[in-house]
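Worksheet for the structure shown next.
Letters A, B, ... are given to chains in the order of the sequence lines, protein chains preceding strands, and every chain is numbered from 1. All heavy atoms count here, side chains included; hydrogens, waters and symmetry mates do not.
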Number of protein chains: 4
Amino acid sequence: MTGEAVGRPRVRATDSKERLFAASMTLLGHRGINAVSVDEIARAAGVSKGTVYYNFGSKDSMIGALLAFGADILLEELEQYAEQSDGLQALEAMVVSAFRFVERYPSYAQLWISEQQRSESLWGEQLSDFREQITALIRQVLRRTVQVPEPLLQVAASAMFGATLLTARERAVTTPMPRLEVYVQAVLATVHGLERAAAG
Amino acid sequence: MTGEAVGRPRVRATDSKERLFAASMTLLGHRGINAVSVDEIARAAGVSKGTVYYNFGSKDSMIGALLAFGADILLEELEQYAEQSDGLQALEAMVVSAFRFVERYPSYAQLWISEQQRSESLWGEQLSDFREQITALIRQVLRRTVQVPEPLLQVAASAMFGATLLTARERAVTTPMPRLEVYVQAVLATVHGLERAAAG
Amino acid sequence: MTGEAVGRPRVRATDSKERLFAASMTLLGHRGINAVSVDEIARAAGVSKGTVYYNFGSKDSMIGALLAFGADILLEELEQYAEQSDGLQALEAMVVSAFRFVERYPSYAQLWISEQQRSESLWGEQLSDFREQITALIRQVLRRTVQVPEPLLQVAASAMFGATLLTARERAVTTPMPRLEVYVQAVLATVHGLERAAAG
Amino acid sequence: MTGEAVGRPRVRATDSKERLFAASMTLLGHRGINAVSVDEIARAAGVSKGTVYYNFGSKDSMIGALLAFGADILLEELEQYAEQSDGLQALEAMVVSAFRFVERYPSYAQLWISEQQRSESLWGEQLSDFREQITALIRQVLRRTVQVPEPLLQVAASAMFGATLLTARERAVTTPMPRLEVYVQAVLATVHGLERAAAG
DNA sequence: GATGAATGAGACTTCATTCAT
DNA sequence: GATGAATGAAGTCTCATTCAT
């Protein structure tokens with residue numbers, strides 16, 4: 001019962017969410033969720049703090065929306081590549097796609113790594129779901145590519161996921177960014193190792 | 001938040017310090033650094049809040065000491081196994097050792113994963129140093145075990161580190177805890193894959 | 001928060017205004033003025049928030065209008081009964097009328113009780129005026145009914161007003177709602193007590 | 001992880017709660033709970049905002065403590081007077097005592113009036129309990145003083161409570177404060193009225 | 001060595017109000 | 001007449017840190 005509200009001109013209607021997404025992505029990835037305030041995100045997005053709450057209801061659910069947004073993009077790409085008939089080529093395409101994704105949105109990787117499996121994270125379930133979908137996709141392709149016992153296959157999928165996430169993040173923050181090939185090779189080495197195990 | 005605590009000085013644990021370490025380890029791993037207050041840690045340790053400051057000077061340097069404490073233990077073990085003559089056996093022993101460590105201190109894994117490479121983390125340097133030492137050890141053993149170009153070897157070491165960290169954490173929080181063999185196999189598949197690449 | 005709304009102008013209720021009145025009455029009575037937001041009132045009324053401002057200019061003046069609306073109804077009734085020749089019958093009719101009013105609009109009673117005489121309430125003057133008119137009416141009838149010194153008469157009128165307001169509210173929220181007779185008796189006991197004092 | 005904490009000297013240990021009580025009592029009574037911020041109360045008490053939370057945990061529970069504090073004082077006094085053998089004298093003493101209490105702590109009356117029976121007030125239960133104890137005391141004395149049917153007696157007790165609360169508040173804010181006698185007479189008129197009803 | 005009452009900066013959130021459409 | 005996205009002041013609360021004891 002006080003506001004005067006004079007000042008900066010309101011931004012175009014639907015812009016706010018996008019601007020907040022973009023700003024969050026940058027800030028949160030660099031410094032972590034707790035080190036970035038809503039104030040700061042709003043300022044970086046060029047909107048008022050109230051707009052964050054008008055659009056997302058809370059800081060946490062804004063981050064949840066951000067996480068979901070990124071997960072959707074990556075999953076869609078991976079699903080597309082997973083359909084390729086040649087399993088090895090499919091896996092390679094998926095790994096490349098994941099690296100490209102982290103290249104584009106390095107902050108997501110940071111966010112995912114930090115929050116995933118934190119027992120009491122607010123996004124724990126959301127991130128678990130996402131992780132499960134990714135590893136399920138990997139397992140599915142692995143299954144038709146190498147002949148190994150299911151339990152090993154399961155763990156191998158997780159290992160590939162972990163290796164990709166961490167090395168992709170590492171690569172993305174290295175300047176100049178190293179060439180992709182070697183990274184893909186390193187991750188796919190797991191697959192070739194499994195083949196040998198299957199053969200041996 | 002001055003981030004002294006470098007060089008991993010082994011803490012000579014007074015009673016209070018030990019209690020604080022134990023309490024921190026549990027709480028911080030479950031909920032993350034920012035979600036746990038000094039008050040809560042002190043209460044869980046059965047000491048007063050002032051004692052934290054008396055012993056460590058700040059929350060951050062207490063966490064730094066905690067991180068250093070764990071790093072010391074793990075590195076010492078890994079260094080020991082790295083000396084084994086058979087490279088493959090050495091690697092296997094190292095991986096097993098890492099899994100055992102995460103089993104004992106699951107919270108460390110969480111802490112490391114969350115904070116590592118966070119661009120502006122307070123412990124960034126400390127954790128980078130630690131990471132560098134671990135991967136250097138892996139590289140060193142890999143080098144005398146498989147014949148692959150240096151760049152690939154470097155990335156492979158990182159990939160193994162990442163895969164181990166994430167799958168070990170995943171295993172540690174699964175109940176009942178799955179058997180270790182499969183996990184070790186999955187991580188070592190990378191090595192066998194590299195051998196094939198070297199041979200091919 | 002300028003607190004215009006004086007003089008109890010009877011609102012010519014548009015559809016929106018009526019809906020807002022009905023919604024406000026319920027919500028404000030249950031939870032108090034500060035615990036209910038304009039957003040919530042608008043939602044409950046099925047109109048947009050802007051409509052509140054379009055119709056009333058501010059939250060405060062909407063509440064002022066609401067208060068005036070109720071005051072008008074009650075005062076009109078009381079004035080009518082006050083004209084009866086038999087003082088005791090007039091008083092009884094007025095008390096019954098007040099109880100019926102609180103029955104119909106239990107939230108008004110709550111609102112009045114809460115805000116009345118709050119030294120710095122925004123509606124303090126408005127409510128004081130209203131209170132003064134009510135007690136003046138009671139005094140006027142009392143004066144021609146019992147023979148007591150003016151000061152006592154003044155206070156007695158206030159006491160009757162207070163007793164009616166609080167017990168009526170209490171009755172209105174009791175389920176099932178108790179019979180009216182006893183309440184009226186209790187309030188009128190004051191009058192009979194005064195008669196005795198006058199006689200003694 | 002930032003504070004420097006220089007400035008005002010810390011107040012003597014156990015003082016804080018008392019200072020906060022005194023400051024709250026004044027401010028809250030004048031302007032109502034929602035119109036007074038914790039900041040303001042702390043400033044008026046000469047302590048920092050954090051001290052409020054250190055001592056009471058929340059604004060609401062501080063108010064709860066304040067309410068309980070006052071209720072204890074008043075109830076103790078009333079219980080004492082209720083024991084007197086002469087019912088009429090007991091009632092008079094109780095009413096006088098209540099008026100004196102409101103004189104000393106006019107803000108309590110305001111607080112009680114505002115919050116009591118607000119359906120969803122945080123202190124609803126607490127205040128209901130308190131009210132129940134007071135009216136029980138009045139009923140008990142009435143019962144041995146006048147011969148009236150129980151239901152009427154119940155309501156009469158409530159009516160006396162309401163009349164006392166509202167007129168005492170009214171008196172306390174009038175300057176110069178009017179003499180007490182007339183108020184006591186007005187409230188006790190109810191009792192005499194009941195006697196007449198019993199006799200008639 | 002240890003305590004815990006006190007601090008104050010700063011976090012998240014609410015909400016009355018405005019205004020372009 | 002009516003809408004709802006946007007605003008920003010102000011509120012409640014948290015918590016790392018200090019210091020007299």
Side-chain angles (χ1 to χ4, degrees), chain A residues 1-17 34-42 47-60 62, chain B residues 1 14-17 34-43 47-60 62, chain C residues 1 14-17 34-42 47-55 57-60 62, chain D residues 1-17 34-42 47-60 62:
Chain A
M1 297 198 178
T2 37
E4 285 291 307
V6 285
R8 145 183 35 185
R10 283 102 202 281
V11 295
R12 249 201 32 249
T14 52
D15 273 7
S16 294
K17 270 189 178 170
N34 294 281
V36 179
S37 71
V38 172
D39 248 311
E40 208 172 348
I41 293 171
V47 301
S48 83
K49 191 166 31 165
T51 301
V52 174
Y53 291 89
Y54 181 78
N55 282 288
F56 295 103
S58 73
K59 182 186 186 182
D60 285 343
M62 187 188 76
Chain B
M1 286 232 169
T14 61
D15 197 45
S16 289
K17 269 188 178 167
N34 294 280
V36 179
S37 69
V38 173
D39 242 314
E40 207 173 351
I41 293 171
R43 209 177 311 125
V47 301
S48 82
K49 188 160 40 165
T51 302
V52 174
Y53 289 87
Y54 182 79
N55 280 288
F56 294 103
S58 76
K59 182 187 186 182
D60 287 342
M62 187 188 77
Chain C
M1 286 234 166
T14 60
D15 197 46
S16 288
K17 268 187 178 168
N34 294 279
V36 180
S37 68
V38 173
D39 242 315
E40 207 172 350
I41 293 171
V47 302
S48 82
K49 187 160 38 165
T51 302
V52 174
Y53 290 87
Y54 183 79
N55 281 288
S58 76
K59 182 188 186 182
D60 286 342
M62 186 188 78
Chain D
M1 296 199 177
T2 37
E4 287 290 308
V6 285
R8 145 185 34 189
R10 283 103 202 281
V11 295
R12 250 201 32 251
T14 51
D15 272 8
S16 295
K17 269 188 178 170
N34 294 280
V36 179
S37 72
V38 173
D39 250 310
E40 208 171 350
I41 293 171
V47 302
S48 81
K49 188 167 34 166
T51 301
V52 174
Y53 290 90
Y54 181 76
N55 281 288
F56 295 103
S58 73
K59 182 186 185 182
D60 285 343
M62 188 187 76

Discussion item. Assess the residue pair A/Val38 and A/Met62 against the criterion (side-chain contact (heavy atoms from CB on, under 4.5 Å)); give the C-alpha distance rounded to whole Å, side-chain angles, the decisive distance to 0.1 Å, and a yes or no.
Written reply: CA-CA 10 Å; A/Val38 172; A/Met62 187 188 76; over 6 Å; no
Length of the line joining [X]:[atom1] and [N]:[atom2], which is rounded to integer Å:
X	N	atom1	atom2	value
B/Asp15	E/dG1	CG	C1'	12 Å
D/Asn34	E/dA16	CG	C1'	14 Å
B/Ile41	F/dA16	CD1	P	8 Å
B/Met62	F/dA16	CE	P	10 Å
D/Glu40	F/dA10	CD	C1'	12 Å
A/Phe56	E/dT13	CZ	P	13 Å

Practice prompt. Remember a base hit wins even if backbone is also touched, and classify B/Thr51 as base, sugar-phosphate or nothing at under 4.0 Å, heavy atoms.
Written response: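 It contacts base atoms.
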Item to complete: For B/Val52, answer base if it contacts any base atom (sugar-phosphate contacts may also be present), sugar-phosphate if it contacts only those atoms, and nothing otherwise; contact means non-hydrogen atoms under 4.0 Å.
Response: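 Nothing: the residue B/Val52, judged by heavy atoms under 4.0 Å, touches no strand.
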Discussion item. Please compare C/Ala35 and B/Tyr54 by the position of their nearest nucleotide in DNA chain E and report the one closer to 5'.
Written reply: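 Residue closer to the 5' terminus by nearest nucleotide: B/Tyr54.
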Discussion item. Can you work out whether B/Val47 or C/Gly57 has the more 5'-proximal nearest nucleotide on DNA chain E?
Written reply: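 Of the two residues, B/Val47 wins.
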Discussion item. Which is more 5' along DNA chain F, the nucleotide nearest D/Tyr53 or the one nearest C/Asp39? Just name the residue.
Written reply: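 Its nucleotide being nearer the 5' end, the pick is C/Asp39.
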Discussion item. Reading DNA chain F from 5' onward, which residue's closest nucleotide shows up sooner: C/Ser48 or A/Gly50?
Written reply: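 Nearer the 5' end of the strand: C/Ser48.
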Discussion item. Counting distance alone, no hydrogens or angles: does the base of F/dT7 have a donor or acceptor under 3.5 Å from a partner atom on the side chain of A/Lys49?
Written reply: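 Such a pair does not exist between side chain and base.
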Worksheet item: For DNA chain E, what string of dots and brackets results from 5' to 3' when Watson-Crick and G-U pairs need both distances under 3.5 Å, crossing pairs get [ ], and pairs with another strand get |?
Response: .||||||||||||||||||||
[X] side, atom [atom1]; [Y] side, atom [atom2] - distance, nearest 0.5 Å:
X	Y	atom1	atom2	value
C/Lys59	C/Asn34	NZ	CG	6.0 Å
D/Ser37	D/Lys49	OG	NZ	8.0 Å
A/Thr51	A/Asp15	OG1	CG	11.5 Å

Worksheet item: Is the distance from OP1 or OP2 of F/dG1 to the nearest side-chain N or O of C/Asn55 less than 4.0 Å?
Response: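 Negative; the distance criterion is not met.
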Looking only at side-chain atoms of [X], point me to the closest of [options].
X	options	result
B/Lys59	F/dA16, E/dA11, E/dT7	F/dA16
B/Ser58	F/dT17, E/dT13, F/dC15	F/dT17
D/Ser16	F/dA2, E/dA16, E/dA6	E/dA6

